[in-house]
Amino acid sequence: RFLYSRIQLKCFRIVKYYQELIIDKVVIKEGKNYSLNMEWVKMLEKFSQGVLEEYSSQKDHTNPELEVAYGHSTKQNPSKAGEEAAEEALEKIRFHQNDLQLALVFAGSCYEQDFSALLQGTKRVLGNTLLLGISTFGEIADNRFNESVTLILFAAKKENFQVETSYVEIKDYDNYDKYSSKLIKNVNLKNSNFAFIFFPGPSQENGMTNIAPSFISSFSKYLPANLPLIGGVAADDGKLIKTYQFFNGSIYNKAVILAAVKTNIKFAIAAEHGYSHFNPEKQYKFKLEQNTIKEISIQEKNKVLPFDSATKVYAKEVGVSAEVLKEVMPYFAGPKGNFKQWIKLTAFANKLKPHILNYPFDIDGNGLIFTGYYSENEPMIMMDTNGDNLIKSFKSVIIKAIEKLDDPQIIIAFPCAIYNVILTTFQNEIKALKSEELFSNIPIAGAYVNVEIGPYDGKNIDFCNGSIVCLVLGKNRT
C-alpha cells in the first residue's frame, strides 16, 4: 500500500508538471504524444546566445590580455628587497603568471654596494624574465619613496605583448653613430609600437658627461618616424658619484639600455614641462672657457649690458648673494640639504629649446659650471618653477594620457628629479593625485630620473629636464 501511494504521488507530479509545460507553451500535446514547442526552442537558443555573449564580455574584462603590476620594498638588505618587490608584483599577476615578458627595476643608491644581490633576489622569484632598469633619484609605488626599489612586471601572451632588448656600453664619447647602430642591431624597431630607453647619468666618474643629448641626436636617424620612446637618465640620489644600469642581471655604469615593445594593447604616452619663463623679456649670452661660463651679458629689450662675472650676474638674477651661491657649491660634495637649496635656484635654457634646462653644479673662481647643453652663440633664457606648477604639470600630463584610453590599468611615470626635491618640502604629488577619484583606482609606478626621455616638441624622442613623461597602458587590444 505504501509503495502504491508513492508511485501514485510521483505520477501525479509528472502529469501536473507536463500540464504546466503545456500551459507555458514549452511542450505541445498531440493526442497521446508530447513534443517540444519549436518556438520555445528558438527562444531558448536566442537567450542562451545572449548569456554566452554577456559571459564572454565579463570574461574579457576579468581576464585582461595584458597585466602590468608593480612591487615595492624598503628592506635594507638588497637581496631581500629585490625578492620582496618581485614577489609583490608577481602576486598581483592573476592570469598570466606563465607569460612574464619584462620586469623594469628602479632602485635607490642605498643598494649600490650590492646591486648584484638585489637583481639576484628578483631572479629567484621571476626566473629568466627579461630584467632592465637603472639607479634613480627616487622611486614611485603609489607614493614617493627614496632608498627603496620598485619593480614593474609585464605579463601577457607574446602575440599581445612582445619585447626585444639590447644594450651597448659607451667606451668613448666621439662616435655615437657607431653605438646607435650597434644598439638597434638585435631589435626590430620597424615592427615595434613603443620602446623604453635608459641612459647613464652625469657623475664624477664620467666627468659629469651626459651622453643622452648627443646619443639621441644620432640615434634618431635609425628610428621609424612614428615610434615613441620613453625612459630616463640614471641617477644616484643626487650624489653624482656613479650611476648604474641593469641588463638581465648584469650591472653597468656606461650602458644605454633599450627595450622595444611590439603590442596590440592600447597605450598612450604624454609629456609636459613643469617650468616657465622667469622673465621672457630677458636673454643671456655667455663667454666660455671649456665647460665653464666665465662671464654673462644680459640683453633686455634694446638694452645690452656689458659682460660681467658669471657668479655675480647669476646670483643677482636669482635673488641670492654670490656668497650664498658659493656656499652651496659644489652641491654633490656637500650634505643633501645643500642640494635642496641649490636645486631651487633658477635654471638657464636655450630660447629655442626651453624644455632643456641647465642647472649650476659647481663654481670655478668667478665662473659657473652648468650641466651642459649650451654654447656661446645660443640665446639663453631663465626658467623657474614652484610647487604649485609642478603639482599641476604632474596631474595634467597623466590626464592627457589616460583620456586616450577607456581601460587604463597602470600609469608608469618618469618625473624629473626636481619634482622629488622641491615637492619634498611642499606637497606629496603622488598622494595628491591618488586622493582624486579619477586616479584613485589606477596604480602609479616609476622613478625620478636625472633627465626625462619622451616625445617632446613634436619629436618621437627627445631629452628634457624639469618635466614629466608618462606611459599609460590598457588591459586589452585596440
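Note that these values count all heavy atoms, side chains included, but never hydrogens, waters or copies made by symmetry.
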side-chain contact (heavy atoms from CB on, under 4.5 Å) between Gln101 and Leu130, worked out = CA-CA 7 Å; Gln101 302 298 341; Leu130 290 172; over 6 Å; no
key: CA sep, side-chain torsions, deciding dist, call: Phe199, Phe215, ring pair (Phe, Tyr, Trp, His ring centres under 6.0 Å)   = CA-CA 9 Å; Phe199 291 90; Phe215 192 98; 5.5 Å; yes
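A donor atom on one side chain and an acceptor atom on the other are found under 3.5 Å apart for Glu84 and Ser73.
In this structure, Lys262 forms no cation-pi arrangement with Phe161, as its terminal cationic atom is not both closer than 6.0 Å to the ring centre and no more than 45° off the ring axis. Remark: Lys434 fails to qualify as a cation-pi partner of Phe439 under the 6.0 Å distance and 45° angle criteria applied to the six-membered ring.
Evaluation of the side chain to side chain donor-acceptor pair (under 3.5 Å) rule for Asp308 yields Lys312 as partners, not counting sequence neighbours. Asp177 meets the side-chain contact (heavy atoms from CB on, under 4.5 Å) test with Asn175, Ser218, Lys221, Tyr222; sequence neighbours excluded. Judged as a side-chain contact (heavy atoms from CB on, under 4.5 Å), and not counting sequence neighbours, the contacts of Lys80 are Lys75, Asn77. Residues meeting the ring pair (Phe, Tyr, Trp, His ring centres under 6.0 Å) test with Tyr284, sequence neighbours left out: Phe348. By the side chain to side chain donor-acceptor pair (under 3.5 Å) test, Tyr176 is found to be paired with no residue, residues two or more places apart in sequence or in another chain being considered.
Leu433 pairs in a side-chain contact (heavy atoms from CB on, under 4.5 Å) with only one of the listed residues (Asn428, Leu438, Ile398, Ile399), which is Ile398. Ser109 pairs in a side chain to side chain donor-acceptor pair (under 3.5 Å) with only one of the listed residues (Asp237, Asp236, Thr243), which is Asp237.
Counting non-hydrogen atoms of other residues, nucleotides and ligands closer than 6.0 Å to CG of Asn128 gives a total of 12 or fewer. The environment of Lys316 atom NZ is sparse: at most 12 non-hydrogen atoms of other residues, nucleotides or ligands sit within 6.0 angstrom.
In this structure, Tyr448 contributes its side chain and Arg144 its backbone to no donor-acceptor pair below 3.5 Å.
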Would you list the atom pairs, donor with acceptor, under 3.5 Å between side chains in residues 387-394 and any protein atom, with sequence neighbours excluded?
from, atom 1, to, atom 2, distance (Å)
Ser393, OG, Asn389, O, 3.3
Ser393, OG, Leu390, O, 2.9
Ser393, OG, Tyr419, OH, 2.7

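Ion pairing between Lys266 and Asp406 holds under the 4.0 Å rule for side-chain N and carboxylate O.
Aromatic rings of Phe115 and Phe246 (six-membered ring for Trp) have centroids within the 6.0 Å cut-off, being under it.
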